[in-house]
Amino acid sequence: MLNDPRSHGLWEKTAPPAPETRPLQGDVTADVVIVGGGYTGLSAALHLAEEGTRVVLLEAKEIGFGGAGRNVGLINAGMWVMPDDLPGELGAVHGERLLDLLGNGPRVVMNLIDKHGIACELERNGTLHCAVGDAGLKEIEARAAQWQKRGAPVSLLSQEETARRVGTTAYRGALLDMRAGTLQPLAYARGLAHAAIRAGAVLHTSSPVVAQVETASGWTVKTDKGTVTASWLIVATDAYSEGPFAAVRNEQVHLPYFNFATVPLGDNIRRTILPGREGAWDTKEILSSFRMDQAGRLVFGSVGALRGAGTSIHRDWARRSLKKLFPEIADIPFETEWYGKIGMTDNALPRLHQFGRQAIGFSGYNGRGISPGTVFGKVLAEHILGRMPVEAMPLPSTDIATPSFRTAKEAWYETGAAVAHLAGARL
Ligand SMILES: Cc1cc2nc3c(=O)[nH]c(=O)nc-3n(C[C@H](O)[C@H](O)[C@H](O)COP(=O)(O)OP(=O)(O)OC[C@H]3O[C@@H](n4cnc5c(N)ncnc54)[C@H](O)[C@@H]3O)c2cc1C
């Protein structure tokens, strides 16, 4: 994407083509203008267009340019916040709504993939949250108990069963969540774009929005080559926000996260490392994640940016860590490497913002945006179609707030991860 192999790595190499799209030219009208071509914007576009709404979506660069084309591809259920803590954070009403909505989020994603025949390497075999040490075990035990109380299909795996499923004895146990799964993230975004266009939405790429003006009946948004005038504006720019929506990005602290993908593993090794193709990550504070793609490449990631000295530090760390976890692939070459920015909020929960009359958006998914982006895009469509007032939404609408010491925190994340990986911190 944009000739940068470190931005979308493996996903760009293996995703089916994006639909053909052009920059916005001239002045057009619509019922709804959506800014941002990631999961949130594309899901809103698809769900609105399916109901006959005239939608124009403007993407600054390419479909899936932001987090949607760079992530690990873990289709998670729920957020990082413990289920029992959510009502305390958000109040009982919003907390229970959010738990219900996001607990069922992976099902919404998988149903959408089935309905629109999206070729995105979907695996429905669940995810494994792998426990490191006693503290990790305690964490997954508590998480499992809290989800089980709510009837979720999650279970705790013994050390032996975890070793059998992951292919390493490094973990004390794992939480298996059968609601979850994995996909090829850029392929999913492109598939949503194809489906939205088939439903009648108009998508323009290379069309950064540079200004928006509130009018008597709605909004006019401007790019350098045209305008869209519409009754409603959806802001779906999240961590990659630029131009007039920079405040959305400034509300978040960016956490860099990288991935290395190996060449495809041989059949024998595939029978020992993640033979069930669950997505996996561990309970460490500087966590690691690993998953297979359809061709049997192991995608291995952690916190850090692949730039400057970080590139070789994180690459060396990844090599050492893989060797410890899976000695049988100690010398396997990495085929691709890339990184992106995860938008973290101060309470690790997403945000709902209203940007004026009939202007609305969700953001801040804290590295768990595949299900929430898809589900919240649908919620935005329902809101605009008059079926879900703001009071019935899964989150309260809040003003944008900028966290203190944001820049310093971001520098700390990037440097701290490099220092930890340089020191070889692992398991
Ligand atoms: C490295 C990494 C790993 C992650 N791993 C996971 C994971 O395993 N599972 C998971 O669920 N989530 C994961 N996430 C998070 C997930 O990718 C995001 O939460 C998700 O992509 C957010 O979707 P979105 O549509 O809201 O925003 P994005 O996908 O970021 O899309 C926003 C789009 O808006 C566009 N834009 C910005 N400003 C303008 C403008 N002025 N005009 C026009 N367009 C504009 C951008 O170019 C971008 O394409 C990860 C993220 C990263 C970076």
Side-chain angles (χ1 to χ4, degrees), residues 1-2 6-9 11 23-24 33-45 57-80 102 105-106 109 127 180-183 185-186 188-189 192-193 203-212 221-224 228 234-246 248-249 252 254-259 279-281 287 289-291 299 301-306 338-345 350-351 361-377 380:
M1 190 130 16
L2 305 180
R6 286 235 173 88
S7 63
H8 300 78
W11 306 136
L24 174 71
V33 58
I34 299 174
V35 188
Y39 304 131
T40 311
L42 292 165
S43 168
L57 181 149
L58 300 173
E59 161 55 44
K61 301 199 169 66
E62 294 180 35
I63 295 302
F65 175 80
R70 305 166 192 247
N71 65 66
V72 180
L74 303 169
I75 318 169
N76 293 305
M79 304 304 296
W80 292 109
L102 298 188
V109 171
T127 50
T182 62
L183 49 64
L186 182 59
Y188 176 51
L192 286 176
L203 273 52
H204 293 290
T205 46
S206 302
S207 302
V209 170
V210 293
Q212 89 273 31
V221 303
K222 299 182 182 182
T223 68
D224 59 353
V228 183
I234 290 179
V235 179
T237 51
D238 198 36
Y240 283 81
S241 293
E242 53 179 61
F245 311 109
V248 173
R249 177 264 178 272
Q252 308 171 352
H254 278 178
L255 179 78
Y257 199 91
F258 63 79
N259 280 288
W281 71 98
L287 65 84
S289 54
F290 40 99
R291 55 154 298 184
V299 179
S302 184
V303 179
L306 300 186
W338 69 101
Y339 79 105
K341 297 173 290 190
I342 293 178
M344 312 288 288
T345 58
R351 297 289 186 269
F362 285 98
S363 54
Y365 305 143
N366 293 271
R368 296 197 145 208
I370 298 176
S371 303
T374 307
V375 167
F376 288 145
L380 291 170

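Counting starts at 1 for both ligands and their atoms, following the listed order. Numbering of residues begins at 1 and proceeds along the displayed sequence.
- Against a heavy-atom cut-off of under 4.0 Å, Y257 is close to the following atoms of ligand 1: 1 (C).
- Here the closest heavy-atom approach between residue S206 and residue P23 is recorded as O-CB, 3.8 Å.
- Of the polar atoms of I370, at least one N or O is found under 3.5 Å from an N or O of ligand 1, judged by distance alone.
- For a threshold of 3.5 Å applied to N or O pairs, the pair formed by Y365 and ligand 1 contains no separation below that value.
- For N259, no nitrogen or oxygen atom sits less than 3.5 Å from a nitrogen or oxygen atom of ligand 1, counting backbone and side chain alike.
- Atoms of ligand 1 found under 4.0 Å from any heavy atom of K341, numbered from 1 in the order shown, are 53 (C).
- For atom 26 (O) of ligand 1, the candidate residues are T182, L24, T40; the nearest heavy-atom contact is made by T40.
- Classification of the W11-W338 ring pair by plane angle, with boundaries at 30° and 60°, yields perpendicular.
- The contact set between ligand 1 and G38, taken as ligand atoms under 4.0 Å from a residue heavy atom, comprises 25 (O), 29 (O), 31 (O).
- Ligand 1 has no nitrogen or oxygen under 3.5 angstrom from a nitrogen or oxygen of I342.
- D238 contributes a side-chain N or O that, together with a main-chain N or O of G364, makes up a donor-acceptor pair within less than 3.5 Å.
- To the nearest 0.5 angstrom, T205 atom OG1 is 9.5 Å from L57 atom CG.
- Between R70 and ligand 1, no pair of N/O atoms sits closer than 3.5 Å.
- Annotation for ligand 1: atoms under 4.0 Å from non-hydrogen atoms of L58 are 43 (C), 44 (N).
- Residues F258 and L306 share a closest heavy-atom pair of CB-CG, 3.7 Å.
- No side-chain donor from either of N71 and Y188 sits under 3.5 Å from a side-chain acceptor of the other.
- A239 does not count as a contact of ligand 1, since none of its heavy atoms falls under 4.0 Å from the ligand.
- The protein atom (non-hydrogen) at minimum distance from atom 28 (P) of ligand 1 is G67 N, 3.7 Å.
- Looking at W281, Y240, Y39, it is Y39 that brings a heavy atom closest to atom 20 (C) of ligand 1.
- The backbone N or O of A280 sits nowhere less than 3.5 Å from a side-chain atom of T127 that would complete a donor-acceptor pair.
- Residues A189 and L42 share a closest heavy-atom pair of O-CD1, 3.4 Å.
- At the top of the distance list for atom 18 (C) of ligand 1, counting protein heavy atoms only, stands G369 CA, 3.9 Å.
- At a 3.5 angstrom cut-off on N or O pairs, S371 does not count as close to ligand 1.
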Practice item. List the steps, then state whether side-chain hydrogen bond (donor to acceptor under 3.5 Å, both in side chains) holds for T345 with N366. Key: CA-CA 7 Å; T345 58; N366 293 271; 3.1 Å; yes
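- Both the backbone and the side chain of A60 come within 4.0 Å of ligand 1, judged by heavy-atom distances.
- Near V209, meaning under 4.0 Å from any of its heavy atoms, are these atoms of ligand 1: 40 (C), 41 (N), 42 (N), 43 (C).
- Aromatic ring orientation, F376 versus Y365: tilted (interplanar angle from 30° to 60°).
- Looking only at protein heavy atoms, the nearest one to atom 41 (N) of ligand 1 is E242 O, 3.0 Å.
- Ligand-side atoms of ligand 1 in range of V35: 40 (C), 42 (N), 43 (C), 44 (N), range being under 4.0 angstrom from any heavy atom.
- Distances between N or O atoms of F245 and those of ligand 1 include no value under 3.5 Å.
- Of all heavy-atom pairs between L183 and R291, the closest is O-NH1, 2.5 Å.
- When only non-hydrogen protein atoms are considered, atom 21 (O) of ligand 1 lies nearest to A68 N, 2.9 Å.
- At a 4.0 Å cut-off, not a single heavy atom of G373 sits close enough to ligand 1 to count as contact.
- For P244, no nitrogen or oxygen atom sits less than 3.5 Å from a nitrogen or oxygen atom of ligand 1, counting backbone and side chain alike.
- Separation of atoms OG1 (T223) and CD (E59) is listed at 12.5 Å; rounding is to 0.5 Å.
- Here is the list of ligand 1 atoms found below 4.0 Å of a heavy atom in L74: 7 (C), 8 (O), 9 (N), 10 (C), 11 (O).
- Under the 3.5 Å distance criterion, the side-chain polar atoms of S43 are matched with a main-chain donor or acceptor of T374.
- Looking at atom 3 (C) of ligand 1, its nearest protein heavy atom turns out to be N71 CA, 3.3 Å.
- Each of the following atoms of ligand 1 lies closer than 4.0 Å to a heavy atom of F65: 47 (O), 49 (O).
- Of the listed options D238, V72, V303, V109, D238 places a heavy atom closest to atom 22 (C) of ligand 1.
- With hydrogens left out, the protein atom closest to atom 33 (C) of ligand 1 is E59 OE1, 3.5 Å, a heavy atom.
- Closest heavy-atom contact between S207 and H204: OG-CB, 3.6 Å.
- At the top of the distance list for atom 39 (C) of ligand 1, counting protein heavy atoms only, stands T237 CG2, 3.6 Å.
- No more than 12 heavy-atom neighbours from other residues, nucleotides or ligands sit within 6.0 angstrom of NZ on K222.
- Across all non-hydrogen atoms, the minimal contact from I63 to L186 is O-CD1, 3.7 Å.
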